[in-house]
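Read through the structure below, which is laid out as structure tokens, and then see the notes.
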Amino acid sequence: MAALAYTLGKREINYYFSVRSAKVLALGAVLLLTACHAASRRYRGGDTCEYLLSSGRFLGEKVWQPHSCMMHKYKNSEAKNCLIDKHVVFIGDSRIRQLFYSFIKLINPQVKEEGNKHGNIPFEDKSASIKVDFLWYPEVNGSMRQRIKSWTEGSVAKPHIIVAGAATWSIKIHNGSKEALTQYKINITSIAPLLEKLAKSSDVYWVLQDPVYEDMLSESRKMITNEKIDAYNEAAVRILNSSSRNSKAKVKVFSVSKLIAQETIMKSADGLHLPESSRDTTKVLNREQTDEWKGWMQLVILIYHISGASTFLPVYMHIRVLVAAYLFQTGYGHFSYFWIKGDFGVYRLCQVLFRLNFLVVVLCIVMDRPYQFYYFVPLVTVWFMIIYATLAIWPQIVQKKANGNCLWHFGLLLKLICLLTCIYFLSYSQGAFEKIFSFWPLSKCFELNGNVYEWWFRWKLDRYVVFHGMLFAFIYLALQKHQMISEGKGDPLFSNRVSNVLLFISIVSFLTYSIWASSCKNKTECNELHPSVSVVQILAFILIRNIPGYVRSVYSSFFAWFGRISLELFICQYHIWLAADTKGILVLIPGYPMFNVLVSTFIFVCVAHEISQITNDLAQIVVPKDNSTLLKRLLCIAGFFSGLLFFAAMQDQSRH
């Protein structure tokens with residue numbers, strides 16, 4: 001009976017609510033909503049996007065989605081048509097200056113962020129008669145009031161659009177005192193009627209203060225807390241709303257920037273200003289570009305291995321540069337992370353070490369191979385530890401400190417000079433190097449065929465390139481901080497003249513190295529010169545790839561995909577693609593060499609990708625963020641490997 005009732009119920013529902021009735025309901029909803037929108041537009045004015053300034057969602061990739069409409073991404077021609085014969089004024093502090101530059105780049109993307117930071121900055125586009133000014137008034141005080149008053153009472157022409165806002169300087173100068181907040185309320189109360197008067201003939205926007213990332217703030221800005229910023233914002237909103245409550249002319253409160261900053265400020269370089277990623281920029285050696293670089297380099301190295309091209313000296317030397325380029329990226333990437341983030345926690349250290357070594361350790365145990373057999377992984381691991389130690393040891397110098405006091409830059413340079421001295425000493429003192437890595441249990445990791453000579457040779461080949469990567473990162477970040485480079489989408493990295501000169505030098509250097517590599521007489525001679533000259537080829541490629549804006553802005557997703565699994569590709573080739581310890585080619589289909597390579601390559605790439613995903617998933621499980629849990633895991637891992645070393649020592653003793 002229950003089944004029958006259920007069946008009848010289904011028929012009854014289908015009878016009354018079919019697909020046809022659903023379509024009728026949908027049509028009715030469309031007509032009703034259309035009528036509501038038309039009525040709203042008729043009785044509430046022409047502003048159909050009332051939540052544009054106040055509420056919405058930040059979708060990432062510089063996309064803001066208001067709760068009432070879709071945002072339009074303006075082209076330069078459209079922006080000029082909208083603003084023709086308009087005068088726009090931005091008045092306030094450095095955060096308003098950021099909005100000013102973002103605004104004028106809609107009109108002219110080639111604009112450079114130049115000029116006196118603590119002064120007025122004019123901009124004019126004569127072709128469309130557009131004038132945009134930034135007026136430096138970092139505090140809401142009598143000076144700002146006098147400037148606004150001149151537009152309401154004087155003979156000076158009123159701007160068509162006014163964007164104003166300030167607070168952080170008041171907090172900073174007065175050390176976050178309650179008296180400063182009280183004075184801020186008094187000052188904004190005196191300015192509010194003037195803004196309201198301007199709003200009768202102009203569009204007036206008051207920009208609320210963005211939150212800060214307190215951990216990244218320099219010592220001189222530590223008093224600028226989110227609690228104080230919220231208090232200043234609350235005061236501004238209350239006073240401006242109260243002033244215009246009984247007036248048709250309202251000052252529009254701009255809170256969108258604050259909402260976006262809540263999701264992006266963690267990526268800020270100084271903790272105060274919006275990060276470049278939330279603006280229209282393409283950074284030098286951005287993640288997509290480095291993934292692409294690693295991808296095509298790894299594919300070239302794989303082709304080199306399977307084709308047996310090591311007998312051709314020019315090919316060998318170019319492959320040596322590709323390996324050096326991997327290590328250069330290691331120096332650049334890890335230095336940039338530690339310098340910017342200042343994150344020297346055990347969690348970060350263990351995450352990287354696990355990601356680099358998990359597959360190799362498993363293969364060493366299962367395949368009974370020495371750690372040094374997979375020479376590139378020990379090389380990258382040791383250099384990562386050197387970078388970590390260089391920046392982590394006392395005095396610990398990071399970007400946050402250096403922003404507060406430039407003397408820290410010299411301290412970092414001294415650290416780098418000490419590192420270079422140690423590298424130079426070890427490269428020319430084979431005895432000292434072998435003594436360091438012959439101590440047990442290090443010897444178990446770095447010995448091959450009973451000695452560490454092979455490890456010394458591999459380490460010596462690219463001994464300077466990681467240092468070069470660190471130095472390049474330091475110089476680049478310093479230039480970026482002082483706004484000496486332009487990373488706007490489509491913009492050249494430097495001024496046109498400097499960019500052209502550097503491009504010419506880079507192309508000549510690139511070709512010169514290629515000619516030298518082709519004329520090198522023997523491997524011994526080439527290997528001696530390689531550590532010092534490989535950086536020329538690497539830097540030449542980086543500049544060619546990054547100076548022109550249109551080249552920096554694009555990348556190959558095909559090669560970037562391979563770049564994200566480059567570590568697994570390098571390791572897996574030893575056992576899936578190649579054979580006989582890389583001296584031969586794995587044969588799955590005898591008699592058909594080309595078909596065999598196609599099939600084995602397909603399997604090889606699929607396995608490498610799967611292992612990469614497994615490693616990433618395991619890293620989240622094996623290396624927890626909780627310090628106490630992580631410590632217990634580390635003790636267990638240390639006990640496990642101590643047991644392995646003990647059994648290995650017992651086995652060696654029994655053999656002898």
- Between S255 and L208 the two heavy atoms that sit nearest each other are CB-CD1, 3.7 Å
- Message: Donor-acceptor check, side chain of S566 to backbone of F562, threshold 3.5 angstrom: yes or no?
- Response: no
- Test item: Q430 side-chain N/O and W456 main-chain N/O as donor-acceptor pair under 3.5 Å: no
- Classify the ring geometry between F570 and Y375 as parallel (under 30°), tilted (30 to 60°) or perpendicular (over 60°). perpendicular
- Task: Supply the atom-to-atom distance F354 CZ to Q620 CD, rounded to the nearest 0.5 angstrom.
- Result: 10.0 Å
- Message: If I take atom CD from residue Q396 and atom OG1 from residue T390, how far apart are they, to the nearest 0.5 angstrom?
- Response: 12.0 Å
- Item | F376 side chain reached by R458 side chain, heavy atoms, under 4.5 Å | no
- Is there side-chain contact between F103 and L83, with at least one heavy-atom pair below 4.5 Å? yes
- Item | Nearest-0.5 Å distance that lies between atom OG in S506 and atom CG in L511 | 11.0 Å
- Message: side chain to side chain contact (heavy atoms under 4.5 Å, CB included), that's the test. Do Y555 and R545 meet it? Break it down for me.
- Response: CA-CA 10 Å; Y555 73 100; R545 184 71 173 81; 3.9 Å; yes
- Item | W169 and its ring-ring contact (aromatic ring centres under 6.0 Å, His included) partner, picked from Y232, W136, Y137, Y184 | W136
- Query: If you measure from CZ on R221 to OG1 on T168, what distance do you get to the nearest 0.5 Å?
  - Reply: 8.0 Å
- Message: Around atom OH of Y347, are there more than 12 heavy atoms from other residues, nucleotides or ligands closer than 6.0 Å?
- Response: yes
- Is the closest side-chain heavy-atom distance between I571 and V377 below 4.5 Å? yes
- Message: Both conditions, 6.0 Å and 45 degrees, for the charged tip of R348 above the ring of Y388: are they met here?
- Response: no
- Which heavy-atom pair separates I224 from V212 by the least distance, and what is that distance? O-CG2, 3.3 Å
- Query: Does the pair R564/E288 count as a salt bridge with the N-to-O cut at 4.0 Å?
  - Reply: no
- Distance-only, no hydrogens or angles: does the N175 side chain make a donor-acceptor pair with backbone N or O of S177 under 3.5 Å? no
- Task: Identify the two heavy atoms, one from A236 and one from W206, that lie closest to each other, and give their separation to 0.1 Å.
- Result: CB-NE1, 3.7 Å
- Aromatic ring pairing F437/W455, orientation class (parallel under 30°, perpendicular over 60°, tilted between): perpendicular
- Close side-chain approach of F123 and N108, heavy atoms under 4.5 Å: yes
- Donor-acceptor pair, side chain of S429 and main chain of L426, under 3.5 angstrom: no
- Message: Give me the atom names and distance for the closest heavy-atom approach of N233 to Q209.
- Response: OD1-N, 2.8 Å
- Task: Let me see the working for I417 and T421 under side chain to side chain contact (heavy atoms under 4.5 Å, CB included), right down to the final yes or no.
- Result: CA-CA 6 Å; I417 290 170; T421 304; 4.3 Å; yes
- Would a distance-only check, ignoring hydrogens and angles, find a side-chain to backbone donor-acceptor pair under 3.5 Å from N76 to L106? yes
- In this structure, CZ of F335 is separated from CG of L412 (nearest 0.5 Å) by 4.5 Å
- Item | Option from L461, D462, I538 for which side-chain contact (heavy atoms from CB on, under 4.5 Å) with L327 holds | D462
- Message: Angle between ring planes, Y464 versus H468, binned at 30° and 60°: parallel, tilted or perpendicular?
- Response: tilted
- Quick one: closest heavy-atom pair of I387 and M470, and the distance? CG1-SD, 3.8 Å
- Task: Go through Y513 and M317 one step at a time and tell me if the side chain to side chain contact (heavy atoms under 4.5 Å, CB included) criterion holds.
- Result: CA-CA 10 Å; Y513 180 89; M317 287 308 299; 3.9 Å; yes
- Query: Is the NZ or CZ atom of K460 positioned over Y428's six-membered ring, under 6.0 angstrom from the centre and within 45° of the axis?
  - Reply: yes
- Query: Should R355 and E568 be marked as a salt bridge (charged side-chain N to carboxylate O under 4.0 Å, His left out) after you check the CA-CA gap, both sets of side-chain angles, and the distance that decides it?
  - Reply: CA-CA 10 Å; R355 179 74 179 80; E568 287 74 21; 2.6 Å; yes
- Task: List the steps and the verdict of side chain to side chain contact (heavy atoms under 4.5 Å, CB included) for F410 and L407.
- Result: CA-CA 5 Å; F410 295 102; L407 287 175; 4.2 Å; yes
- If we only count heavy atoms from C-beta on, is the F457 to N527 side-chain gap below 4.5 Å? yes
- Message: Determine whether a donor-acceptor pair (N or O, by modelled atom type, separation under 3.5 Å) exists between the side chain of N286 and the backbone of Q289.
- Response: yes
- Query: Does a side-chain heavy-atom distance below 4.5 Å link M144 with L135?
  - Reply: no
- Side-chain heavy-atom pair L630, V623 within 4.5 angstrom cut-off: yes
- Message: On a heavy-atom basis, which atom in S499 and which in I547 lie closest, and how many Å separate them?
- Response: CB-CG2, 3.5 Å
- Is it true that F433 and W459 have ring centroids separated by less than 6.0 Å? yes
- Message: Looking at N120 and P122, would you say the former's side chain and the latter's main chain have a donor-acceptor pair under 3.5 Å?
- Response: no
- Taking atom CG of L420 and atom OH of Y424, what is their separation to the nearest 0.5 Å? 10.0 Å
- Message: Using ring centroids (six-membered ring only for Trp), state whether W296 and F541 fall under 6.0 Å.
- Response: yes
- Message: Within the 4.5 Å heavy-atom criterion, are F559 and Q298 side-chain neighbours or not?
- Response: no
- Message: Counting neighbours of NZ on K258 that are heavy atoms of other residues, nucleotides or ligands and sit closer than 6.0 Å, is the number greater than 12?
- Response: yes
